A.B. asks: 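Attaching a single structure in structure tokens format; questions to follow.
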Amino acid sequence: MAVLSVVSEIFPLIKTGGLADVAGSLPAFLKPEGIAITTLVPGYPAVLAKIKDVVAIHHFPDLFGGPARLLRATAGSLDLLVIEAPHLYDRPGNPYVGPDGENWPDNAIRFGALSAVGAALGLGEVPAYRPDVVQAHDWQAGLTPAYMHYRSDGGPRAATIMTIHNLAFQGQYGPEFLERLGLPPHAMGIDGIEYYGGIGFLKAGLRFADRITTVSPKYAEEICTIEGGMGLGALLRDRIGDLQGILNGIDETVWDPSADSLIPGKFDRLSIKPRRLNKHSLQRRVGLPEDTETLLLGLISRLTWQKGIDILLESLPLILGTGAQVAIIGEGDRATERAVRDAVAAYPGRVGCVIGYDEELGHLMQAGADALLLPSRFEPCGLTQLYALRYGCVPVVARVGGLSDTVIDANEMARAEGIGTGFQFAPASVEMLESTVLRVAALWKKPALWRRIQRNGMRTDVSWRRSARLYAELYRELTMPEPIRLSSGRVA
Ligand code: ADP
Ligand code: GLC
């Protein structure tokens, strides 16, 4: 079975967040299930620089303003199709914003092109590669099912899945893009791609895909509500029978504390001691005094409203009152970055930070911090708590989305049963974070109990195994021939 994954970022070629980790790690786990995933990505400079075994398999004379080639290539064990279109993707900065931090003004066209190529493949227009299923990830790939709908001549086509990694990013653009995107005028309706008077990329995907998935069962429930639906709740409720939450897993070879080349002290569940080397190294890197005895609370994430950084900053006086240190690594909104720097200045030696994106520090945080704070207001899945579990860094999470599905609160009963793996709190508020950190600090003073929670976490299966099976089942279901209904109503 051939599945085309359409996505705007993929680790280790280009990454701004968890989407890249998922796109880069899932294919290897589907291979044993007999599923061959090929990933379609834009040819950003970072991607073109790293791909191997490149063969051009198709030529688009005019892909939204310039010629383009479709390259078949590999990167490690990943099979790729890369869109080489310099007029769209040969730019500095990350996939979405220029060096000035602003979104590229033609992002509708850049990701419309990604979706259009995905659709051409899904419709079987590229003889060299014909997928059975097309899986579109997030808004950047959202027009794929819509293009397939409007361009289909009724012939055989791939089945489609729209996967939501984050409903907060919807790809909303003005109606003036309709023609440039090559969509027909009648698409501009409520039953089409129209969204609040403009064009909705994610809306279009949710409207036209055969199935919809998101990255945790809890988030699948949350997005069908008015608040969690962020404008798309009614549409999602309409399609609830086609919606499924499948939890993300992690690549345990990239995230393996016993063989991680990015950390000084390797360790495993039976010998956690070397963690202290990592703790000291992390303390040095963020500008905190090296100290094994002090509880080190970490946070690593995009610095945005979603992640509740402001909640943490407001809770600092009480948190620091417990004697703990706080280490923050991240980049994001300029205002939030400034607020973090201000906190470091206000509490020298107690709060440390690195503002920036650094994969190595991502590993050091998990391997060195005692606990990881995730006061997210919403979290479709979250990967850092999964890395934390694997690295004996105790996750302290708001009870939302995938955080709720992956961390077992070490409450009285869970401790009695020996199954707690972290701490949960709700709602994501200053008061609840504060009282939870008090609970964390109290437990930290009982090393045997703390170590138990660490070990429970390290024993948790955070791999893709279970979820890969669920994706495989979904792909198979979608490609099964239509059942023949007998007149008795039974299915043959
Ligand atoms: P999201 O995709 O919403 O940002 P996830 O938890 O799914 O959240 O994934 C975030 C990914 O990005 C993780 O791999 C995390 O380690 C990484 N990450 C986030 N911020 C940084 C940073 N400043 N430096 C290095 N890695 C980071
Ligand atoms: C999004 C979400 C995050 C999720 C990631 C990968 O960026 O914010 O919760 O883990 O996608 O699915």
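From a predicted model like this one, the values you see are computed outputs, not experimental measurements. Indexing begins at 1, ligand by ligand and atom by atom, following the structure's order. We number each residue from 1, following the sequence as shown.
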A.B. asks: Of the listed options (K15, K307, H165), which comes nearest to atom 1 (P) of ligand 1 when hydrogens are ignored and any heavy atom counts?
C.D. replies: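 Of the listed residues, K307 has the closest heavy atom.
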A.B. asks: So between G18, G330, S301, whose heavy atom ends up nearest atom 20 (N) of ligand 1?
C.D. replies: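 Nearest heavy atom to atom 20 (N) of ligand 1 lies in S301.
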A.B. asks: Who's closest to atom 3 (O) of ligand 1 heavy-atom-wise, of E359, R302, E331?
C.D. replies: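 Answer by nearest heavy atom: R302.
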A.B. asks: Thinking salt bridges, do K279 and E290 make one under a 4.0 Å N-O criterion?
C.D. replies: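 Result for this pair is no, no salt bridge flagged.
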A.B. asks: Nearest protein heavy atom to atom 2 (C) of ligand 2, by residue and atom, and its distance?
C.D. replies: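 It is H165 O, 3.2 Å.
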A.B. asks: Counting N and O atoms only, with roles assigned by atom type, does the side chain of E9 sit under 3.5 Å from a partner on the main chain of G17, one being a donor and the other an acceptor?
C.D. replies: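 Yes, because the side chain of E9 sits within donor-acceptor range (under 3.5 Å) of the backbone of G17.
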A.B. asks: Going by heavy atoms, is Q385 under 4.0 Å from ligand 2?
C.D. replies: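 Not so, Q385 does not reach ligand 2.
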A.B. asks: One residue to check: D21. Relative to ligand 2, which of side chain, backbone, both or neither has a non-hydrogen atom less than 4.0 Å away?
C.D. replies: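 D21 to ligand 2: no contact under 4.0 Å from either part.
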A.B. asks: Give a yes or no answer on whether the side chain of R211 reaches the backbone of A209 with a donor-acceptor pair at less than 3.5 Å.
C.D. replies: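 Answer holds: no.
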A.B. asks: As an exercise, identify every atom of ligand 1 less than 4.0 angstrom from a heavy atom of L383.
C.D. replies: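 Near L383, meaning under 4.0 Å from one of its heavy atoms, ligand 1 has 5 (P), 6 (O), 7 (O).
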A.B. asks: Looking only at heavy atoms, is any part of L19 under 4.0 Å from ligand 2, and if so is it the side chain, the backbone, or both, or is it neither?
C.D. replies: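 Within the 4.0 Å criterion, L19 contacts ligand 2 through backbone atoms alone.
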A.B. asks: Report yes or no: does a heavy atom of G17 sit under 4.0 Å from some atom of ligand 2?
C.D. replies: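 Not so, G17 does not reach ligand 2.
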A.B. asks: Identify the protein heavy atom lying closest to atom 23 (N) of ligand 1, giving its residue, its atom name and the separation to 0.1 Å.
C.D. replies: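 Minimum-distance protein heavy atom for atom 23 (N) of ligand 1 reads G356 O, 2.8 Å.
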A.B. asks: Can you tell me the protein heavy atom closest to atom 4 (C) of ligand 2 and the distance?
C.D. replies: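 Residue, atom and distance for the closest contact: G382 N, 3.6 Å.
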A.B. asks: Side-chain contact, heavy-atom cut-off 4.5 Å: Y219 with S404?
C.D. replies: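 No. Closest side-chain heavy atoms not under 4.5 Å.
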A.B. asks: Starting from atom 25 (C) of ligand 1, which protein heavy atom do you reach first, and at what distance in Å?
C.D. replies: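 So the nearest neighbour among protein heavy atoms is D358 O, 3.1 Å.
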A.B. asks: Which residue owns the protein heavy atom closest to atom 13 (C) of ligand 1, what's the atom, and how far is it?
C.D. replies: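 For atom 13 (C) of ligand 1, the nearest protein heavy atom comes out as D21 OD2, 3.7 Å.
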A.B. asks: Give me the residue, atom name and distance of the protein heavy atom closest to atom 3 (C) of ligand 2.
C.D. replies: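 The closest one turns out to be E379 OE2, 3.4 Å.
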A.B. asks: Side chains of P12 and L78: does their closest heavy-atom pair fall under 4.5 Å?
C.D. replies: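 A side-chain contact exists here, since the closest heavy-atom pair is under 4.5 Å.
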A.B. asks: For Y387, state whether at least one heavy atom is located under 4.0 Å from any atom of ligand 1.
C.D. replies: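 Flag set, Y387 near ligand 1.
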A.B. asks: Tell me, which protein residue and heavy-atom name are nearest atom 16 (O) of ligand 1, and how many Å apart are they?
C.D. replies: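 For atom 16 (O) of ligand 1, the nearest protein heavy atom comes out as T384 CG2, 3.8 Å.
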A.B. asks: So that I can tick it off, tell me whether D409 and R439 are bridged by a salt bridge, with the cut-off set at under 4.0 angstrom between side-chain N and carboxylate O.
C.D. replies: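 Salt bridge between R439 and D409, a charged N being under 4.0 Å from a carboxylate O: yes.
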A.B. asks: Take every heavy atom of P380, measure it against each atom of ligand 1, and state whether any distance is under 4.0 Å.
C.D. replies: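 Heavy atoms of P380 never come under 4.0 Å of ligand 1.
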A.B. asks: Tell me: protein heavy atom nearest atom 22 (C) of ligand 1, and distance?
C.D. replies: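 Here the closest protein heavy atom is Y357 CD1, 3.5 Å.
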A.B. asks: Side-chain donor-acceptor pair under 3.5 Å between Q172 and Y196, yes or no?
C.D. replies: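 Their side chains do not contain a donor-acceptor pair, so the 3.5 Å distance test is not met.
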A.B. asks: For the residue pair L40 and I83, establish whether any side-chain heavy-atom pair is separated by less than 4.5 Å.
C.D. replies: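 Result yes, sub-4.5 Å side-chain heavy-atom pair found.
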